Amino acid sequence: MASSSSQQSEYVTLVSGDGFEFVIPRSTACISGTIRRMLEPSSRFSEAITGRCVLENISGIVLEKVCEYFCYNEKNKSQTNVPDMDIPPELCLEMLMAADYLDT
């Protein structure tokens, strides 16, 4: 019963390595190729059943910014001349590493 309702849920939970949880729309999270593959119903990953993706190697502060980017991207995907998102310089390297890991 829980697996069928989780698969149909329009929201997923992303969990950082330090335990912070972010609930975002499934379509927004699937901007990431890695997360999309984790959540595919045909995959054998537990994330596809639970709708919960634990990203052990991403800190809470970085995952928060990643979720902000996913929402910013979703909101502005059909627009032109969109201003760059503000990313603090001290997070840039970690954001690049997270983007590579998440296939974003």
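What you see is a predicted model, and the numbers here were worked out from it, not measured in a lab. Side chains included, hydrogens not; waters and symmetry mates left out as well; all remaining heavy atoms used. We count residues from 1, following the sequence as given.
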*asked:* Is there a path of hydrophobic side-chain contacts, each under 4.5 Å between heavy atoms, that joins M38 and Y11?
replied: no
Look at the side chain of N76 and the backbone N and O of Y72, then say whether any donor-acceptor pair between them is shorter than 3.5 Å.
yes
Output for pair (I58 CD1, L14 CG), nearest 0.5 Å, gives 8.5 Å
With a 3.5 Å distance limit and no angle check, can you tell me whether S32 reaches the backbone of A29 through a side-chain donor-acceptor pair?
no
Only residue of V12, T13, V15, L39 satisfying side chain to side chain contact (heavy atoms under 4.5 Å, CB included) with C53 is L39
Hits for salt bridge (charged side-chain N to carboxylate O under 4.0 Å, His left out) against E21, two or more places apart or cross-chain, chain-then-number order -> R52
Those residues at least two apart in sequence (or on a different chain) that pass salt bridge (charged side-chain N to carboxylate O under 4.0 Å, His left out) with E68 are K65
The salt bridge (charged side-chain N to carboxylate O under 4.0 Å, His left out) partners of D103 (sequence neighbours excluded) come to R37
To the nearest 0.5 Å, atom CD of E40 lies from atom SG of C30 at 8.5 Å
Q. Heavy-atom count around L91 CG within 6.0 Å, excluding the residue itself: above 12?
A. yes
Interatomic distance, CG@N73 vs CD1@I31, rounded to 0.5 Å, equals 4.0 Å
Between T104 and Y69, is any pair of side-chain heavy atoms under 4.5 Å apart?
yes
For L93, the other hydrophobic cluster members (4.5 Å side-chain criterion, sorted by chain and number) are M97
**OP:** Measure the shortest side-chain to side-chain distance between Y101 and N57 over non-hydrogen atoms and say whether it is less than 4.5 angstrom.
**Re:** yes
- Query: Short question: side chain of T28, backbone of C71 - any donor-acceptor pair under 3.5 Å?
  - Reply: no
For F22, the side chain to side chain contact (heavy atoms under 4.5 Å, CB included) test, sequence neighbours excluded, returns F20, L63, E64, C67
Exercise. Linking I/L/V/M/F/W/Y whenever their side-chain heavy atoms sit closer than 4.5 Å, directly or via other members, would I61 and L55 fall into one cluster?
Worked result: yes
Going hydrophobic residue to hydrophobic residue with side-chain gaps under 4.5 angstrom, can you get from L96 over to V66? no
Checklist line | Check: E10 main-chain N/O paired with R26 side-chain donor or acceptor under 3.5 Å | finding: no
Residues passing the side chain to side chain donor-acceptor pair (under 3.5 Å) test with S16, sequence neighbours excluded, are D18
